[in-house]
Structures are given as C-alpha cells and as structure tokens.
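Proteins come first, then strands; the chains are lettered A, B, ... in the order of their sequence lines, and each starts at number 1. Computed from a predicted model, the values in this text were never measured in an experiment.
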Amino acid sequence: MSKKNAYKDTLNLPKTDFPMRANLVEREPKRLASWDEENLYHKVQAKRKADGCPKFVLHDGPPFANGDVHMGTALNKLLKDFILKSRSMSGFETPYIPGWDCHGLPIEFKVVKEAKGLEPAEIRRRSEAFAREYIDIQRKSFKRLGVLGDWENPYLTLDPKYEADIIRVFATFVERGMVYQSKKPVSWSYGAQTALAEAEVDYEDKTSPAVFVRFPLLNDTFGADTSMVIWTTTPWTLPANLAIAVHERFDYVVDEFAHEDGRTLRLVITKDLIEAFGEKTGFRPVGGPHAQTVKGQAFEGMEAQHPFLDRQSKLITAPFVTAETGTGAVHIAPGHGQDDYVAGLQHGLEILSPVDDDGLYTDEVGVPELVGTHVFKANGRIIEILEEKGALLGQHPYEHKYPFCWRSKTPIIFRAVEQFFIRIDDIRNKALEEIKKTTWLPSWGQNRIAGTVEARPDWCISRQRTWGVPLPVFRTPDGGWIIDAEIARKVAEITETEGTNAWFELSDAEWAKRLDLPEGTKKGRDTLDVWIDSGSSHVAVMDRHPELHRPADVYIEATDQHRGWFQSSLMVSVATHDAAPYKTVITHGFVVDTSGKKLAKSGTGGKPMTAIHFYDKYGADNVRLWAASVDYNSEVPFSEELFEQVVDAYRRIRNTLRILLGNLHGFDPSKDTVPFEDLTLIDQWILTRLHQVTTNCRQAFDAYEFRKVYNELNQFCAVDLSSLYIDITKDRLYCDGLDSTRRKASQTAIATIMDTLCRLLAPIISFTADEAWEALGKPDSVHMERFPEADDIPASDRAVSQVQGLLEARHVIQKAIEDARQAKTIARNDEAVVTLTAPKDHVLHQLADDAPALTEFFIVSAIQLEEGEVLGAKVTASEAEKCARCWRYVDTVGASSAHPELCHRCVSALPEGFSLS
RNA sequence: GGGUCUGUAGCUCAGUUGGUUAGAGCACCGCCUUGAUAAGGCGGGGGUCACAGGUUCGAGCCCUGUCAGACCCA
C-alpha cells in the first residue's frame, strides 16, 4: 500500500452486500421462489386476519384467456397489485382471487380456423384446452411481475360451478320476467356467423356505393309523376324497403328537376339539400310555375311505388331524419336497421330481412336472380337494375365510419333474426340510481356509464356459437319456446356436476326426459353472451368465496369497460341483488404508442410490446416502477425509449438504498440510537423531510395516485438524499471515529430512512424493497409489514426553516465556487474559504455560532458570515494543509507530532493503537 | 354533429386554497471527483405555462371563447 493511502484503512467506508448492479433478471425469480415456498400471499392474509384488520376487496376483472400479456394487461394487473399491497400495508386484509374470461368468439374462432368441420363437443374441448394454455402463460407472467394473489385457485368462467351460476343468473332474469324472444335486427357478422354485442363492434372507414333512388308517388296531390328521392349507402337493403321517412317540420321542395343531359323529372327534395343533390346528380330545380314548398307532414299517409318490386312503400314521419346528407327522405327497411325497426313497429310494418346467416339473399328477396348472392356483392347488380328501371338518379362513392366485426374484420350487416333479449327498461332506473351511489375515478366515468345505461337498447344475450354457456331454453314440438326459471335451474344442477358439455352431448330426447318435458321438445341452440359470463362474476366469485364480500370495495379496469364489464356487472347485480356490486370503480387508459395509437398485441412496427420482453430484459421491478410512474387516468404513451427513462430512475433509487445500507454497517439501533433533540440540524431536517414524504405517500396511496408516490420517492432519493444529505454527511460517516456521536446521529437518521423507504417502496418495487429489507437484517418479508405512520417520525419546523436558509446560501456559494473552479483558483469544494454575507434578519445568523455545522453543510474549508444588504459569497483558496486522511483543508493539520499529516479530528478518530508503521 | 378529457423545457412530468425570479428527472454542453466508481457532485443552455380575451392589486392556477389531439356517442 502506498503512503498516500496509508490512512485509508482507518476510514469507515460504506460496506454492504446489497449490490449496485441489480441483476434483477436473475435475482427476482429466486426471491419469487422463496415467496412461493413460504406461501407469502396466504401468510400476509393470515397475519392481517389475526390482527383483526378489516377486509378490503378488490374484485378482479377477468382478462380474456387469449394471447400473451402485453404492457396494457401488465399495467392493469400491476395497478391492482399496487392497490392491494398498499391497502394491506395500511392495515387491511386484502384477499385477491384472480380470474380469467374463458368463453367466447376469439378462442372459438381460432379453434375453428385450425380445423374445420368439428363436432360442437370437440370444438369445446379444444377451446377449453386453448384457454387453459393461455391461462398458464398469463399466470406465469403475472406471477413473474410480482403480483401477489391466490394464483393456485383462480376463478375461471369455464369452471362448471361458475357456469352453473351463470345459468342461475339467467334463471333470475327469467323469474323477473325480463327475458323475451323476438325477431329483431341485430349487428350480424357473416364472417363469424353470429350476432355481436355492441362492445364487439369496431368502427372503421369504409367506402360504400351511395345511390340516389326515385320512388314514384302513388298520389297526384303534388302533380302526376312526382317522385320521392331517397339516398342510401346500402343499396342491398332496397329489396327490404317498406317505407320512406320524412321529417314532419322540414321544408320540402316539389319541382321539375332538369339534368344536363336533357332529362327532366318531377322530384321531392328537402330545401337544405337541393344544392348538394344537384352537385352529386346533375339534377337541378328549374323553378317552374308548378314549384312548391311543403312541410314533411304533408306526405304522411301517402304511398310510393318500389322501384323494382311489385310493392308499395309507406310514407311516414320520423324524428331521426336529418338534413345533413341525402335528400331529407330516408329509406326504411325495418329488418335492417335499429331506427328502421323502431319506426316499423310504430307504423305496423313487417320485419322483412331476406338475408341468411352467410349474408346471402333468401327467396324472400323477390328478385330471383339475386337469391344466393352475397349482399355486398349484390350492390352492383342492384344499381344496374335501378338504372334499367330509370330509378337511379345518381351514385357516388361514400367514405364513412362503418361497423366491423372485431374478430373476423368483416363489415357488419343489420339483419333481423330470432334472438333472446333482456328487457333493460325493468332495471334501467335502479341501475342509474346505483351509478349515482358509486364513486367513479376519474369522476367523469360516471357520466360515461350513465350515458351508456340511459341509451342502451335491450340486451341481446343469445349467440349462435358453440364455445359458451348454453342458453337453457327449449322449443316445443309445435314451435313455441319454453323459457322457464325452474327448468333453467335444473339445467344448472345437471351441468354443475356433469359439465356444460352435457348440454351439447346429450340428445334432445334425453334432455326432455331428464327435465320432464313433452316428447319432441328440442333444446335451444344458442349460447349466452359472454358479457353475462363475466358480468356474473360477483355472483359466482364474490358471493361464493367466504373471504370476499359484497359489494367489492374496488373494481379497476380500462376505460372500455364502462361499456363492458362495469355495465354488465351492474345489470346482473341490480337484477340479482338490487344493488351495484362495487363501491368504487377506477378506470385507466390504454397503453398507446408515442403517436397516440392503440398498441396492437403484437406491437407496433415490429417492436416487442409484451411484458415478457421487458421483464426478461430489465426485470419486473422496472416494469413495476414504470407502471407506477405513468398517469393512468388517460392514455399511456409507451415506447422502449420512454421505458428506459424509468430504468434510470430505478438505478438512482437502488444506489441510494445501497449507500444508506452501506453506512448502517456496524450500527446497532438498540445501543447506538441518538435522541432526536441531540441530532444535528441536517439530521433533524432530513427526518422532517421523511415525515413529509411519508405523509404525502400515504395520502397518495390512499387516493390510488401511484405516480405521486413515484415522484415523491424519486425526488427524495435524487435530491434530498443523494445530492444533499448523503453528500454532506459523508465526511462524518467515513472519517469520524466509530464512537462519534455525530456519526451515530446520521446513522440514526439513516436507519429510520431505510426502514421507512423500504416500506413505502414495497408496493411498487416489491422485489427490491424486500431485498433491501433483508439486507437490513429483518427476518420476515417487508410485505408482512405495515406502512410507517408519519407521526412516528419526528419532525422539526425550526430545522426546515433553517435548512431552507442554508439552501438559499448554498446556491449562492456554489455559483461562486464554480467561478473559482473555472478560474482554476480551486479544484474542489472543500478547498474553498467562503465569506458569506446575508441580511441582518436572515435565518443564517441563527447559525453563526456553529461554524462546523456551516462548513459541513456547504462542504467547504472555512466560512465567515457577515452582515450585508443581500446574500452574497466570495471564495478564496484555503491556505491550510490538506489532511491526508479526510482530505479536508483545515488548520489543525500538523498539530500532532505522531501524525503530522492529519487534522485534529482525524488524529482522534484513529483506532486505538493505530500506527503508521 | 353531441359529450368527456388533455395541452407547462427536446422528452416524461411536478406545480398545494390565485402570491417573489415556474421546478425535478432524462437528454445535451462544460467542470470537479475517483473513499457510492459500470457510481457521485457542481454549473450551464433551454419555457410567450397551446392561442385570444376577461375577473383580480396579482393568473400556469379562476371564467369565456378559439385551436390541436384523444376517447365515447351519433
């Protein structure tokens, strides 16, 4: 060892096994294994229960058992984990039963695509296998991310017991008289051959062939050969036209319209759209002597001739007619549209829908050559027919938002089919009342779900699918329907023990026999909407698990669930329990790419967006810290570059923990703790800051504002600890003697800081906090602990105001030192001799007597305080010798003959019997 | 077209009930340190707080309007 390092071994340098390099990717799985081994989740629950803690129930919204966990799914589960862990540490028992949504189109779709022509029971077996495979994949990811829960006993909507409860929920709806069967236009996907729920519909841009079509009026009130003109973007629905709707208050012009090519026709167009009509078709009003303007009401009760069928079209008035596009006269096909259907009911029109499951025309279409043609391929032929009949006045491509099937990506057609419905009006008002009683975070969520519930039509609950819970209804030999609660409950009993595959495997005759139904009765072919499945989870899970309770304290999912799970759960709960299933509903935004587009599961531009990519590369705690750092109230922009910013923050926090741990080496709290009154100013100050940080973090945890926790702790580590407190106290920690009270004072503060930081960080970076906790020598996991109480951390207002004054001066001094450094007068802070001036009433003067405190705080050689007008600092180089041990420039160096290179403090800090030789 | 939300440094965000010169982290530039070292410290550049009005002694914050983006609905 060279001479200049001769005293190095006498320093108390930080010492810890807590490594700087986290190596989370290897370290975390080991910790996870030990959590598993000690059954940490159950251990924590048991402890809270033993302590008599009240329960806090977060009811898990089941992700779909399909695909890898991507960053959006990860965010959702991590937010849940933050809530549960923080509530647990606040003194609640927090049982968590994770779940999966298993039935439904996406899985069946994949199974059916892989192998065509399978029997229903085989489709179901393969679908179940598929779901279970992804449940395992997802469970692995969620566990790897450090989410604590009862992973060995999750709820699955394919569990026969769960399925039986779904059927019982259906029975309740039947009992309340809310279920009915009807032919009704529904959003029909010919690609997936099923009716779709609204939530299963995506809107995309589509170009449709828009046509203007003439319907001759069979009434010569406005002159012979007068025609109504309609505009439609779906020419294929014209064979099902049964009426034309006008607005009763709009003005309609009846006039001769002349075309550039010489044709002249007498037409009816609403006043506001005449110009647009002229531009699109070339027909413009001539303004002749027979022109007149009438209100729409005038047409009510008239009839018009269908352009190519031997049928009349009724003229009606309807409030949904607009004067924005078209002609002010709307083509009505009650079998092909919601508005049309309602208008049809009011005017006694037939629900005509001559289209089959594949989207092909049936015999009913009335045009023999079109039978068997796909409706979207028929548009061209229909336009030709219109042209042949002289009914076509114009056509143009029209781009608009059009509904598409969410899975098969094919455009939706509205088509009337026999379906089963739940009558929403029976529970709508109660549901709205319950919405008001619920807390919605963010608060605008209340408007969103209330709006949805107010406007939603009856709930179409039947699906023409195989992978789902059977809709337990029967058809009598004479073609009637048996919709009966008692029978449904019997079906529930049977499937609970035999599985719902029994519904598909047992014959009609066997079912009739088992249920005492007349011979020849046939079971229904439909399955239930999957929103009934997940919407029944509070019945099948919350009511069934003794450790849970109703209502749940919190539901938290992405914003799309206002229309999905939050709503279906509410409807089921109001019907079965006459109350909402939740007290508070929180929503979070989607994870989107940096341009604001929703992330596809596969990622954007080939970049991986699965959670596995991130925890395998950076570790789960970095993913967790990321999730805590984002503003989940709105969309969450995401890219790997943004993610890496959080990785930097993690490193800083980890390093801070490491140096704190290193400086606690040899500290025995039971013997070495210094009372608060005896701590130095800076120690009192950092503990006061810790007190504030604890208060703020606990409030933020309670309010589910994890980003605030992140900001608070990040700031505390980076600014208060790293650049101030640790930097300042390094000298005494390293260079003071082992028994120095000042050193122990800092260690006292650091011990409290470490203890508090670990607990506050535990819900967020659960692995690292536990690792640090272990490094502190604590026997149990940090997750068994409670949060610190802010009031248990001593605080001093005086320390805050004095340090605030010191910080002001520090800024001024550092600037002066920087100038000196640039001028090469000095190289290091501690070479500086500072003359500081401050106004007479400045708080600095309270500290004038304590020179060592000042030089320590500013990390300078010497400081002289004078009165002056404003804060100011002058810097000169110290003329003192540099202590070989602590590197300070102090005038006591050389005073000792035994150690002429050392300052007074260092001489006395040397271990007993130390000698240079 | 209707409703909701968002708009503060190059990027991600803080900014308490309106109150001095709007703050952090990352990135960038310069310097110091090598006893937190695949670390740490100091300094710097960079902001018309989307825009325009209004209330007020005083507005990033409150009010009105405009623009842009997002989401839901039509």
Side-chain angles (χ1 to χ4, degrees), chain A residues 5 7-16 18-22 198 203 320 322-325 338-339 400-401 442-452 454-456 558-560 562-563 587 589-590 592 594-598 626 629-631 633-639 641-663 696 699 707-708 710-712 714-724 726-728 730-731 733-735 810-811 813-824 826-832 859 885-887:
Chain A
N5 282 332
Y7 293 103
K8 182 168 177 176
D9 290 343
T10 70
L11 297 171
N12 307 306
L13 293 182
K15 190 177 172 189
T16 176
F18 189 83
M20 173 184 297
R21 296 194 65 196
E198 285 174 80
Y203 287 82
F320 56 80
T322 69
E324 280 160 21
T325 50
Q338 182 60 28
D339 285 339
H400 55 156
K401 295 279 182 198
S443 57
W444 49 261
Q446 176 165 346
N447 283 336
R448 179 160 291 184
I449 191 166
T452 309
E454 272 164 22
R456 78 157 295 161
T559 51
D560 57 341
H562 281 129
R563 297 219 304 154
T587 53
F590 287 107
V592 298
T594 39
S595 66
K597 275 189 151 181
K598 190 171 166 179
W626 164 77
S629 76
V630 301
D631 176 9
N633 282 314
S634 52
E635 293 158 323
V636 179
F638 183 79
S639 68
E641 209 184 335
L642 291 177
F643 185 87
E644 279 174 353
Q645 290 198 9
V646 176
V647 175
D648 285 329
Y650 172 83
R651 284 205 196 98
R652 171 89 75 153
I653 292 169
R654 184 177 180 92
N655 259 314
T656 306
L657 293 176
R658 178 165 181 269
I659 186 125
L660 293 177
L661 276 167
N663 281 309
N696 294 342
Q699 275 174 8
R707 155 173 237 151
K708 260 192 180 165
Y710 167 81
N711 280 327
E712 195 76 30
N714 190 28
Q715 189 99 344
F716 183 65
C717 287
V719 180
D720 299 299
L721 283 172
S722 198
S723 76
L724 284 173
I726 294 170
D727 213 34
I728 288 166
K730 254 183 203 171
D731 175 70
L733 287 165
Y734 296 179
C735 306
R810 182 175 185 268
H811 188 64
I813 291 172
Q814 290 298 356
K815 247 181 170 161
I817 288 176
E818 186 63 27
D819 290 343
R821 194 158 35 206
Q822 297 291 336
K824 304 288 178 194
I826 58 170
R828 297 166 46 118
N829 239 54
D830 50 15
E831 288 175 54
I859 319 180
R885 184 171 174 273
C886 69
W887 299 345

Sequence-distant partners of Arg828(A), side-chain hydrogen bond (donor to acceptor under 3.5 Å, both in side chains), two or more places apart: Asp830(A)
statement: Applying salt bridge (charged side-chain N to carboxylate O under 4.0 Å, His left out) to Asp720(A) and not counting sequence neighbours gives Arg689(A)
Which atom pairs link the protein and nucleotides 29-34 of chain B when you take only N or O atoms and keep those under 3.5 Å?
{"residue": "G30(B)", "atom": "N2", "partner": "Glu818(A)", "partner atom": "OE2", "Å": "3.2"}
{"residue": "C32(B)", "atom": "O2'", "partner": "Ala827(A)", "partner atom": "O", "Å": "3.0"}

task: Tell me, please, which residues at least two apart from Asp631(A) pass salt bridge (charged side-chain N to carboxylate O under 4.0 Å, His left out).
output: none
statement: Across all chains, not counting sequence neighbours, the side-chain hydrogen bond (donor to acceptor under 3.5 Å, both in side chains) partners of Tyr734(A) are none
Enumerate the protein-to-nucleotides 1-3 of chain B contacts in which both atoms are nitrogen or oxygen and the separation is below 3.5 Å.
none

Tabulate protein N/O versus nucleotide N/O from nucleotides 22-25 of chain B, keeping only pairs under 3.5 Å, one per line.
{"residue": "A24(B)", "atom": "O2'", "partner": "Gln715(A)", "partner atom": "OE1", "Å": "2.7"}
{"residue": "G25(B)", "atom": "N2", "partner": "Gln645(A)", "partner atom": "OE1", "Å": "3.1"}

message: Using the side-chain hydrogen bond (donor to acceptor under 3.5 Å, both in side chains) criterion, which residues pair with Ser723(A)? Sequence neighbours excluded.
response: none
Sequence-distant partners of Glu818(A), salt bridge (charged side-chain N to carboxylate O under 4.0 Å, His left out), two or more places apart: Arg821(A)
- line: Here RNA chain B, pairs taken as Watson-Crick or G-U under 3.5 Å and shown with ( ), [ ] when crossing and | when to another strand, reads (((((((..((((.....[...)))).(((((.......))))).....(((((..]....)))))))))))).
message: Suppose we screen for salt bridge (charged side-chain N to carboxylate O under 4.0 Å, His left out). Which residues come up paired with Arg652(A), at least two apart in sequence or across chains?
response: none
query: With sequence neighbours excluded, what pairs up with Asp731(A) under the side-chain hydrogen bond (donor to acceptor under 3.5 Å, both in side chains) test?
result: Arg905(A)
